[in-house]
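Everything on this sheet refers to the single structure shown next.
The structure presented is a predicted model; accordingly, all values stated were derived computationally and were not measured. We number each residue from 1, following the sequence as shown.
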Amino acid sequence: MTTFSLGDTDFLRDGQPHQVISGAIHYFRVHPDLWQDRIRKARLMGLNTIETYVAWNAHAPRRGEWDTTGWNDLGRFLDLVHAEGLDAIVRPGPYICAEWHNGGLPVWLTGSMENLRSSAPDFLVEVSAYLRRVYDIVAPRQIDRGGPVVLVQIENEYGAYGADKAYLEALVAVTRDAGITVPLTTVDQPVDQMLSDGSLPELHKTGSFGSRSAERLATLRRHQPTGPLMCSEFWDGWFDWWGGVHHTTDVTAAAADLDALLAAGASVNIYMFHGGTNFGLTNGANDKGRYLPLVTSYDYDAPLDEAGTPTEKFFAFREVIAKYAPVPEEVPAFASAAPALEVSLSPVGAWTDAAGSGAVAAQPQSFDALGHLSALVRYDVDLPDGKGGQLLIDEVRDLAWVSVDGVAVGTLSRTRHDRAIRIPAGRTLSILVEDQGRVNYDHRLGEEKGLIGEITLDGAAVTGWRSTPLDVAAIAAEIDAGQPTEAAGEGPLAWTTEFTLDAPTDLFLDTAPWSKGYAFVNGFFLGRYWRNGPQRTLYVPATATREGRNRLVVLELEQVLAPVARFVEAPALGVTEE
């Protein structure tokens with residue numbers, strides 16, 4: 001039996017000093033048929049450990065559900081880590097941030113209570129049940145039971161959110177009661193207040209940072225006077241948001257900071273080793289005074305890019321690691337260019353004009369009240385006396401397309417802080433609202449989506465709304481199945497095409513000829529695209545393609561600028577800051 005413990009200055013593996021050299025891979029951001037490839041490449045860079053968060057809302061999108069199959073098979077992911085001869089670090093949250101929608105917390109949970117991430121009894125009941133399910137998977141896979149798991153984290157950067165010690169104590173109690181015997185850690189940014197608030201004396205404190213390693217380790221050592229120093233989130237890149245730039249970090253500087261960490265004897269978890277993709281509607285958002293939804297790619301400028309190809313950073317990090325630990329002689333091969341091809345798109349009709357559903361209510365119903373987990377709700381109301389005027393909405397979450405009698409009037413954007421728009425006279429006002437991503441950080445977790453608060457027209461309340469949820473994946477599936485639609489229509493159109501491949505292969509779908517919407521290949525939900533940038537290509541994993549005929553469905557919300565689908569040789573994630 002192998003043991004793993006905390007020594008006076010180091011981690012101890014079977015009593016011998018051990019430096020953890022880890023990299024993050026989120027199983028829920030990588031197609032499960034590609035897990036083994038990504039894990040193997042981590043070993044080839046010299047890593048001895050893989051770290052992953054656990055996304056509660058991926059496993060339990062609705063109350064009472066618990067799914068551990070396919071993408072959610074955490075046990076299989078950990079078994080693949082073990083088969084590769086690597087250790088594992090598990091960070092189950094319950095809050096994970098991770099630029100993942102709602103910070104990993106299920107919408108049904110955050111919408112049903114106010115005291116999130118606290119010792120409030122109703123929150124602890126749900127969190128405890130969740131953690132016990134996770135630990136049913138993790139406990140038998142701990143290192144002292146012949147598995148790969150060497151560390152388990154309690155909460156996540158909690159010092160940036162709260163200081164409820166009773167909450168942390170309750171999480172520790174559930175964790176230990178569930179049979180977790182490996183060392184328990186916390187992580188916080190190397191700020192005195194955060195390190196103090198975010199942990200307990202019996203938990204091993206670690207830091208999260210991406211530069212100035214010596215200074216940050218010194219701060220951490222003041223709060224963790226004994227035991228191994230660890231940067232359990234070494235930020236080697238950053239995430240992107242719509243309307244911004246593509247973030248990269250200097251390879252030489254990142255390698256130098258990693259070198260400084262390892263030279264100091266510290267352990268490290270590289271965040272990210274391989275970022276993956278926010279497939280479907282899983283991207284999060286930030287709002288620190290301005291709402292910024294995150295893009296579909298989670299490339300993160302990591303050593304292994306979004307498609308699993310080693311980058312310059314991979315080899316720079318490998319060279320650094322080789323100074324401190326054995327590195328395999330084998331190196332992964334560079335991927336060849338992806339196939340480049342172009343095919344015409346055909347319109348198959350309007351797709352947001354489903355018949356109104358649900359009862360008429362005084363106010364529009366939020367996505368949350370509707371129990372709707374997809375991206376769109378359409379709100380329809382009869383205009384009082386057919387009059388137009390200035391429409392004023394307390395808050396739009398997050399982007400709305402306004403039309404009267406089917407004729408587009410304009411948009412209202414949360415990012416732009418829009419609240420008002422002038423509408424013409426007509427019979428029916430329709431507002432199509434998109435949830436662009438749930439905030440994943442700080443105290444906006446769990447906020448409702450839709451049209452929020454009072455709605456007035458020239459100062460008079462507008463009532464009598466019908467709220468119609470639109471499930472974009474279900475609509476795409478119907479179109480993919482060839483269900484008849486109008487060949488043309490006002491407003492958003494769906495488009496389809498077919499293309500032929502000699503064999504399954506990675507592809508990069510260039511969305512530049514389109515405006516805003518969602519794309520699917522053979523029913524696989526690639527995610528969101530938007531001309532707002534910076535991201536221009538969507539990654540299509542080879543596992544979503546097939547030999548012979550393949551089918552693409554595009555649900556465009558605005559307008560297709562050119563009716564073509566273009567696949568290009570390499571990803572285009574946007575301009576970077578010089």
Side-chain angles (χ1 to χ4, degrees), residues 30-31 33-34 37-38 246 276-280 295-299 304-311 332-349 351 472-473 475-482 485 487 492-575:
V30 179
H31 194 291
D33 293 346
L34 299 173
D37 172 78
R38 293 358 183 202
H246 174 50
T277 309
N278 297 316
F279 290 117
V295 303
T296 299
S297 171
Y298 199 64
D299 178 88
L304 210 62
D305 74 10
E306 185 179 10
T309 301
T311 67
F334 281 100
S336 56
L341 61 135
E342 183 174 310
V343 290
S344 297
L345 282 175
S346 299
V348 293
W351 63 277
V472 296
I475 291 168
E478 291 174 0
I479 292 168
D480 209 15
T485 58
L493 293 181
W495 301 74
T496 63
T497 192
E498 291 186 347
F499 58 95
T500 302
L501 296 174
D502 294 334
T505 185
D506 282 350
L507 298 170
F508 300 100
L509 176 59
D510 185 357
T511 64
W514 313 334
S515 294
K516 190 180 197 312
Y518 318 95
F520 302 76
V521 167
N522 299 326
F524 181 83
F525 195 169
L526 301 177
R528 310 173 194 255
Y529 65 86
W530 196 5
R531 64 183 173 191
N532 200 20
Q535 181 177 354
R536 175 172 150 167
T537 54
L538 288 176
Y539 170 55
V540 185
T543 44
T545 68
R546 56 194 176 218
E547 180 183 353
R549 291 199 316 172
N550 292 259
R551 187 164 166 83
L552 171 69
V553 174
V554 177
L555 301 182
E556 173 61 55
L557 282 161
E558 295 180 346
Q559 59 178 325
V560 164
L561 306 176
V564 296
R566 186 182 301 130
F567 295 92
V568 294
E569 294 183 345
L573 298 179
V575 297

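Here the straight-line distance linking atom OG1 of Thr505 with atom CG of Asn550 works out to 10.5 Å at 0.5 Å rounding. One distance of note links OG1 of Thr500 with CZ of Arg546; it measures 10.5 Å at 0.5 Å rounding. Atom-to-atom distance recorded for Asp506:CG and Phe567:CZ is 12.0 Å, nearest 0.5 angstrom. Taken to the nearest 0.5 Å, the CZ atom of Arg38 stands 6.5 Å off from the CG atom of Leu304. Here Arg531 contributes atom CZ and Gln559 contributes atom CD; the two are 6.0 Å apart, rounded to the nearest 0.5 Å. Between the CG atom in Leu501 and the CZ atom in Arg549 there is a gap of 12.5 Å [rounded to 0.5 Å].
Val521 and Leu526 get closest at one heavy-atom pair: CG2-CD1, 3.8 Å. Nearest heavy atoms, Pro310 versus Pro332: CG-CG, 3.9 Å. Pairing each heavy atom of Thr545 with each of Pro504, the nearest pair is OG1-CA, 3.2 Å. Of all heavy-atom pairs between Phe279 and Tyr539, the closest is CE2-O, 3.9 Å. For Val295 against Asn278, the heavy-atom pair with the smallest separation is O-ND2, 3.0 Å. When all heavy atoms of Leu538 and Gly527 are compared, the pair lying nearest together is CD1-O, 4.3 Å.
Test Tyr529, Trp514, Trp495, Trp351 against Glu556 for side-chain hydrogen bond (donor to acceptor under 3.5 Å, both in side chains) and you get one pass: Tyr529. When Val564, Thr497, Val553 are each tested for a side-chain contact (heavy atoms from CB on, under 4.5 Å) with Leu345, only one passes: Thr497.
Put simply, the side chain of Asn522 never gets that close to the backbone of Phe524: no donor and acceptor are under 3.5 Å apart.
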#### Entry: Worked verdict on Val560 versus Leu493 for side chain to side chain contact (heavy atoms under 4.5 Å, CB included)
CA-CA 8 Å; Val560 164; Leu493 293 181; over 6 Å; no
### Query
Can Val568 and Arg536 be said to form a side chain to side chain contact (heavy atoms under 4.5 Å, CB included), step by step?
CA-CA 11 Å; Val568 294; Arg536 175 172 150 167; 5.6 Å; no
### Message
Checking Thr296 against Trp530 for the side chain to side chain contact (heavy atoms under 4.5 Å, CB included) test, could you report, in this order, the C-alpha distance in whole Å, the side-chain angles of both residues, the deciding distance, and whether it holds?
### Response
CA-CA 10 Å; Thr296 299; Trp530 196 5; over 6 Å; no
#### Entry: Ser515 and Leu557: CA distance, side-chain angles, deciding distance, side chain to side chain contact (heavy atoms under 4.5 Å, CB included) verdict
CA-CA 7 Å; Ser515 294; Leu557 282 161; over 6 Å; no
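Using a 4.5 Å cut-off on side-chain heavy atoms (C-beta onward), Leu341 and Phe499 make contact. Asp299 is not listed as a side-chain neighbour of Pro571, based on a closest heavy-atom distance of 4.5 Å or more. Residues Arg551 and Thr496 meet the side-chain proximity criterion, which asks for heavy atoms closer than 4.5 Å.
Side chains of Glu306 and Thr277: a donor-acceptor N/O pair is present below 3.5 angstrom, by distance only.
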